[in-house]
Amino acid sequence: MVSRVIPVDSFDLVIFGGTGDLARRKILPGLFRRYASGQMPDEGRIIGAARSDMTCDEFRTMVKEAVEEFDPKSAKDTENLSKFLDRVFYVAVDAKGDGGWKELGELLRPDMIRAFYFSVAPSLFGAIAERLKTFDLADDDSRIVVEKPFGKDLETARALNRSLAEHFLESQIYRIDHYLGKETVQNLMAVRFGNMLFEPLWNSQYVDHIQITVAETVGVGGRGGYYDTSGAMRDMVQNHLMQLLCLIAMEPPAKFDPDAVRDEKLKVIRALDPVEPHHIVRGQYAASDKTASYREDVENPRSFTESFVAMRCAISNWRWAGTPFYLRTGKRLKARTSEIAVVFKDAPHSIFGAEAGVHRNVLSIRLQPNEGMTLGVTIKEPGPGGMRLVDVPLDMSFAEALGPDAEEVPDAYERLIMDVIRGNQTLFMRGDEVEAAWAWTDPIINGWSNRNDVPKPYDTGSAGPDDALMLMHRDGRRWREIKE
Ligand code: BG6
C-alpha cells in the first residue's frame, strides 16, 4: 500500500510555551515527522514563543535535543532534521505584558496561514488572545489551538470560552483532545459508518452493554501538583473517555463535517443521565515494593483525589435506553491498554441446548497498544464429540493487515496540528461540547466533595479496587481483563 501524504499549505505556527514539556515531548517531534514525511511544506515555519530569553540558535538546539530525546528513530534522519531546524525561530514574549509582541509581529509573514498554539496554563489563554488582537497579529483566518485542562468545572470552562470568544470566532478555536487524533479513534467512525455490518445491530436491542477502558501503568509522575487538583475524573473522564463514549454512541451524522459530527456528539452528552453515587467507584493507588503510593507521589499525605474511576452510565435516548455503558480508567494498573468492547446480547434461543453454554459476540476495538479490532464469534469446536461450541476471535491487527503504513501513522498531535493548518475542526471539541461535558461531571465531583468521599485504595498492578469489580458483578456482568 502506498501512503498518501498531502502537503498542507504554507504556514507560520507560533507555539506559546514553546520551551515547555508538551512542546518538547509531542509538538516539536511531531512537526519534525510531518516535515520529514513531506507534509509540512518547506515554506512552513515554526516560531517558539516563551518567557525565556534565548536566541533562535539556542532554541534550535533545544528543538534538536527534544527530537533526539523523544523520537530518536526519526532523529537519525539528520539531513531532514537540519533542514527542519532552519524552519524554526524563536522570540521571547511576555504573555501578560507588552514585551516581545512587536518582534513577533515582525517575524510573521503576510499571506500565510497563521496558527497560534497555546501550550501554556489556561490562566494565560485570555491574555494571549487579547494581545494577538491588540498587536494585530491575528486576522479572521488565523487559528488558535488550546489544550486541556479546559477549565476545571462548568463555570471556569464558560469563563475560558467567553475570554476566547471576545477575540476569536468559534470557527477559529481548536480545542485539542488528543484522543480524537488517535488513529483507531477515527477508525471507530470508519467501522461504524463505513460498513453495513455493524450499524443495524448498534442499539439496545442487540447490544447488552459497552465497556470503555483506558488503563495506564504509569503513576502521576512529575505532574503531582496538577493531578492532585484534578483527579482521574477531570483528567481523563470529562474529556478522553467522554469523547470515546460519544463516538460509540452517536447517531450517524449526515456527513463527515465538523459541525455535523459535533452536533451528534453533543446530543449524546446531553442525553447522559446523572450518575447515581452507587454507580461510581473511585480509587487511589497504594505503594508497591518498587513504587510509591499516590499520596507519596503527589506529596500530599491527606489527599482524597482519585487516580482511578469506574462508573456505570446510561444514555436516555431511543437507541440506547436500557444499555449500560461502563467506563473505567486509572493509573498504576495491570497493563497499559485502551479498549472499547461492544458486548452483544445472547442469542434469543439456543438450539444446541443448555449444555452448549452461553456465548456472546464481543467486538473489541483496541486503541493502544496493538491497534486493531477483534470480533469474538461462536463456532463448533473442531473434532468429534457432538456439537460443542467455542468462542474464537476474528482478529485484525491493523499493523498486520495494513503493513508498514499502519506503523507509520502519525501520532495524535501531529495529525491534529495538520488539521489546524488545513482548517478542519472535525476532530476538535466545540465550546458547547466542553461545557456540556462539565455540566455532566460537575455534580459527580461536587457530590464527592460534599460527602467527603474517600477513594478506595488499590494495589499497583491490579485492575483497580474490588468495588469496581462489584459494580459489574451486581449487574451480572464482568469487566474484560486488562491486558496488553
Ligand atoms: C493526558 C492525561 O491527557 O492523557 C494524562 O493528562 C494521561 O494523565 C494521558 O496519562 C494519556 O494519554 P495516552 O495517549 O498516553 O493514552
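Atoms within each ligand, like the ligands themselves, are counted from 1 in listed order. This structure is a prediction, so every number in the text was calculated from the model and none was measured.
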**OP:** Decide side-chain hydrogen bond (donor to acceptor under 3.5 Å, both in side chains) for Y294 and E306; before the verdict, give the C-alpha distance in whole Å, the side-chain angles of both, and the deciding distance to 0.1 Å.
**Re:** CA-CA 9 Å; Y294 174 83; E306 77 285 353; over 6 Å; no
Original post:
How far apart are the C-alpha atoms of Y174 and D419, what are their side-chain angles, what is the distance that settles it, and do they pass the side-chain hydrogen bond (donor to acceptor under 3.5 Å, both in side chains) test?
Top reply: CA-CA 9 Å; Y174 290 72; D419 277 356; over 6 Å; no
**OP:** Apply side-chain hydrogen bond (donor to acceptor under 3.5 Å, both in side chains) to the pair S462 and D459, showing each step before the final yes or no.
**Re:** CA-CA 5 Å; S462 70; D459 290 339; 5.8 Å; no
Subject >> Working for side-chain hydrogen bond (donor to acceptor under 3.5 Å, both in side chains), residues Y326 and D475 >> reply: CA-CA 11 Å; Y326 297 92; D475 294 347; 2.5 Å; yes
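With ligand atoms numbered from 1 in the order given, ligand 1 contributes 13 (P), 16 (O) to contacts under 4.0 Å with heavy atoms of Q368. Less than 4.0 angstrom separates some heavy atom of K148 from each of these atoms of ligand 1: 1 (C), 2 (C), 3 (O), 6 (O). Within ligand 1, the atoms closer than 4.0 Å to a non-hydrogen atom of H178 are 1 (C), 3 (O), 4 (O), 12 (O), 13 (P), 14 (O), numbered from 1 in the order shown. Taking a cut-off of under 4.0 Å to the non-hydrogen atoms of H240, the atoms of ligand 1 that pass are 1 (C), 3 (O), 4 (O). Contact atoms of ligand 1 toward K331: 5 (C), 7 (C), 8 (O), 10 (O) (distance under 4.0 Å to a heavy atom of the residue).
A salt bridge is absent between K267 and E251: the closest approach of a Lys/Arg side-chain nitrogen to an acidic carboxylate oxygen does not fall below 4.0 angstrom. Salt-bridge formation is not detected for the pair D432/R262: no Lys NZ or Arg NE/NH1/NH2 atom is positioned less than 4.0 Å from an Asp or Glu carboxylate oxygen. One finds a salt bridge joining E199 and R319 here, because a Lys/Arg side-chain nitrogen approaches an Asp/Glu carboxylate oxygen to under 4.0 Å.
Looking only at heavy atoms of the protein, atom 14 (O) of ligand 1 is closest to K182 NZ, 2.6 Å. Looking only at heavy atoms of the protein, atom 8 (O) of ligand 1 is closest to D235 OD2, 2.6 Å. Closest protein heavy atom to atom 15 (O) of ligand 1: R336 NH2, 3.2 Å.
By the 3.5 Å distance cut-off applied to N or O atoms, Y179 is counted among the residues near ligand 1.
Of the candidates E216, K26, E147, E216 brings a heavy atom nearest to atom 10 (O) of ligand 1.
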